[in-house]
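One-based numbering, in listed order, for ligands and for the atoms of each. Position 1 is the first residue of the sequence, and the numbers go up from there.
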Amino acid sequence: MKINVALFGLGRIGMMHAKNIYRHPRFKLKYVYDINKRASVNASKKFNAKNINNPSFAFKDKKIHVIFIASSTATHVPFIEKSVKYKKVVFCEKPLDLNINKVVSCKKKIKNLRPKIQIGFNRRYDPGHFSLKKSLLKGKIGKLEKIIITSRDPAPPSFNYLKNSGGIFRDMTIHDFDLVRYYLGKDKIKEIFATASNVSNKKFSKINDYELATCILKSKAGVISIINNSRHCSFGYDQRVEIFGNKGMLISENKRKYNFFIDRYKSAYKLQLNDLFYLVKKNKKSRASFDDGEKALFLANAAYKSLRSKKTVKIK
Ligand SMILES: NC(=O)c1ccc[n+]([C@@H]2O[C@H](COP(=O)([O-])OP(=O)(O)OC[C@H]3O[C@@H](n4cnc5c(N)ncnc54)[C@H](O)[C@@H]3O)[C@@H](O)[C@H]2O)c1
């Protein structure tokens, strides 16, 4: 039997998810919902799903197994709470919210309802980035000592998007904070130093945001991670990871032929969907959980604290 999905949000990433769900042999895209009715109707026609005018319709339908949240960030927490209440499995795009207090309060509310939630940290599913994790676990580079992540977007999103994005650390670096945590495994981050600036595009300063950022994190075991971000890149989307250990070094190379995240992480988004299948059908813990979403946001907040104070911030 196929897994029935109701997809909320049909913008940039929602349309991509709609296509992947529609094409996946184990899922059925049953409902689509967006406050922008045109977007929703368009998706319903394209992917043979029913357009609904009210999300309650999906929550109340017992045949819906998954609520797939790809709507704007501010909608994530309320949709998660409602989905869990109605015993739905949840996929939710990152970030969980821009306000950590809302995330903590959501966690408390849903805790006793045994939620099954997967977060859209797609980098964890990228075959290249994931192969580093596998090699690390097999001991191929010995003891992990350094993680170096470069993540540069080809061009910034619209300033309308940026204004409500929560800033570079919560919107963009959040993926890299999560990836660092993924490679660290049981080891935990104990401190962070963050810096950011605007050199070429001063419009960022007007919205109190940054086009360039670098974070240095140190773990309890002493692993140093360097995250290198830019909102623009003259030679295209630049996504690379290097892990260095006492017995070697491995790189997940940049893939220059891809323009942006939808192409570059195409396989990752598909593998992410397979993970959702295992979460629904086999009760297998998702590779990226609600807790991972919370912890990455916590690090983003600590990065802002460091940026403002110009000091290294301890992570409790
Ligand atoms: N994992 C990734 O690689 C990745 C990439 C891009 C965006 N995202 C995340 O996905 C989310 C959406 O980003 P986007 O770039 O697609 O934004 P977008 O603005 O293109 O699309 C958001 C859509 O949500 C709809 N929406 C807003 N409120 C709604 C509500 N209450 N109910 C239903 N629909 C509603 C909007 O009308 C819009 O169509 C954001 O949280 C973003 O951070 C993740």
Does the pair [X]/[Y] count as a salt bridge with the N-to-O cut at 4.0 Å?
{"X": "Asp238", "Y": "Arg256", "result": "no"}
{"X": "Asp263", "Y": "Lys257", "result": "no"}
{"X": "Asp171", "Y": "Arg231", "result": "yes"}
{"X": "Lys203", "Y": "Asp209", "result": "no"}
{"X": "Glu294", "Y": "Lys107", "result": "yes"}

Check if [X] has a non-hydrogen atom at a distance under 4.0 Å from any atom of ligand 1.
{"X": "His76", "result": "yes"}
{"X": "Gly120", "result": "yes"}
{"X": "Ser165", "result": "no"}
{"X": "Tyr161", "result": "yes"}

* Ring centers of His17, Phe91 separated by less than 6.0 Å ->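 Distance test on ring centres: under 6.0 Å, yes.
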* Taking the six-membered ring for Trp and the full ring for Phe, Tyr or His, determine whether the centres of Phe204 and Tyr210 are under 6.0 Å apart. => no
What is the nearest protein non-hydrogen atom to [atom], stated with its residue, atom name and distance?
{"atom": "atom 15 (O) of ligand 1", "result": "Arg12 NE, 2.8 Å"}
{"atom": "atom 36 (C) of ligand 1", "result": "Asp34 OD1, 3.5 Å"}
{"atom": "atom 11 (C) of ligand 1", "result": "Ser71 O, 3.4 Å"}
{"atom": "atom 32 (N) of ligand 1", "result": "Tyr33 CE2, 3.3 Å"}
{"atom": "atom 12 (C) of ligand 1", "result": "Ala70 O, 3.4 Å"}

* **Pi-cation contact, Tyr237 with Arg264 (under 6.0 Å, within 45°)** => no
* Asked: On the ring face of Phe261, is Arg123 found with NZ or CZ under 6.0 Å from the centre and within 45° of the axis?
  ->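 Relative to the ring axis of Phe261, which defines the angle, Arg123 lies outside at least one limit.
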* To do: Identify which one of Asp176, Asp187, Asp291, Asp292 satisfies the salt bridge (Lys or Arg N to Asp or Glu O under 4.0 Å) criterion when paired with Arg181.
  => Asp292
Side chain, backbone, both or neither: [X] near ligand 1, heavy atoms under 4.0 Å:
{"X": "Glu93", "answer": "side chain"}
{"X": "Lys94", "answer": "both"}
{"X": "Phe121", "answer": "neither"}

Does [X], backbone or side chain, put an N or O under 3.5 Å from an N or O of ligand 1?
{"X": "Ile13", "value": "yes"}
{"X": "Arg123", "value": "no"}
{"X": "Phe8", "value": "no"}

Option nearest [atom] (shortest heavy-atom distance, choices [options]):
{"atom": "atom 41 (O) of ligand 1", "options": "Asn54, Thr73, Asn122, Asn36", "value": "Thr73"}
{"atom": "atom 22 (C) of ligand 1", "options": "Ser72, Pro78, Gly166", "value": "Ser72"}
{"atom": "atom 3 (O) of ligand 1", "options": "Tyr265, Tyr269, Phe260", "value": "Tyr269"}

* Any chance the side chains of Gln239 and Tyr258 put a donor and an acceptor closer than 3.5 Å? ->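 No, because no side-chain N or O of Gln239 sits under 3.5 Å from a partner of the opposite role on Tyr258.
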Going by the order shown, which atoms of ligand 1 are within less than 4.0 Å of some heavy atom of [X]?
{"X": "Phe261", "value": "5 (C), 6 (C)"}
{"X": "Gly11", "value": "16 (O), 20 (O), 21 (O), 23 (C), 39 (O)"}
{"X": "Thr75", "value": "28 (N), 29 (C), 30 (C), 31 (N)"}

* Structure fact -> In Phe68, Phe59, Phe57, the residue satisfying ring pair (Phe, Tyr, Trp, His ring centres under 6.0 Å) with Phe8 is Phe59
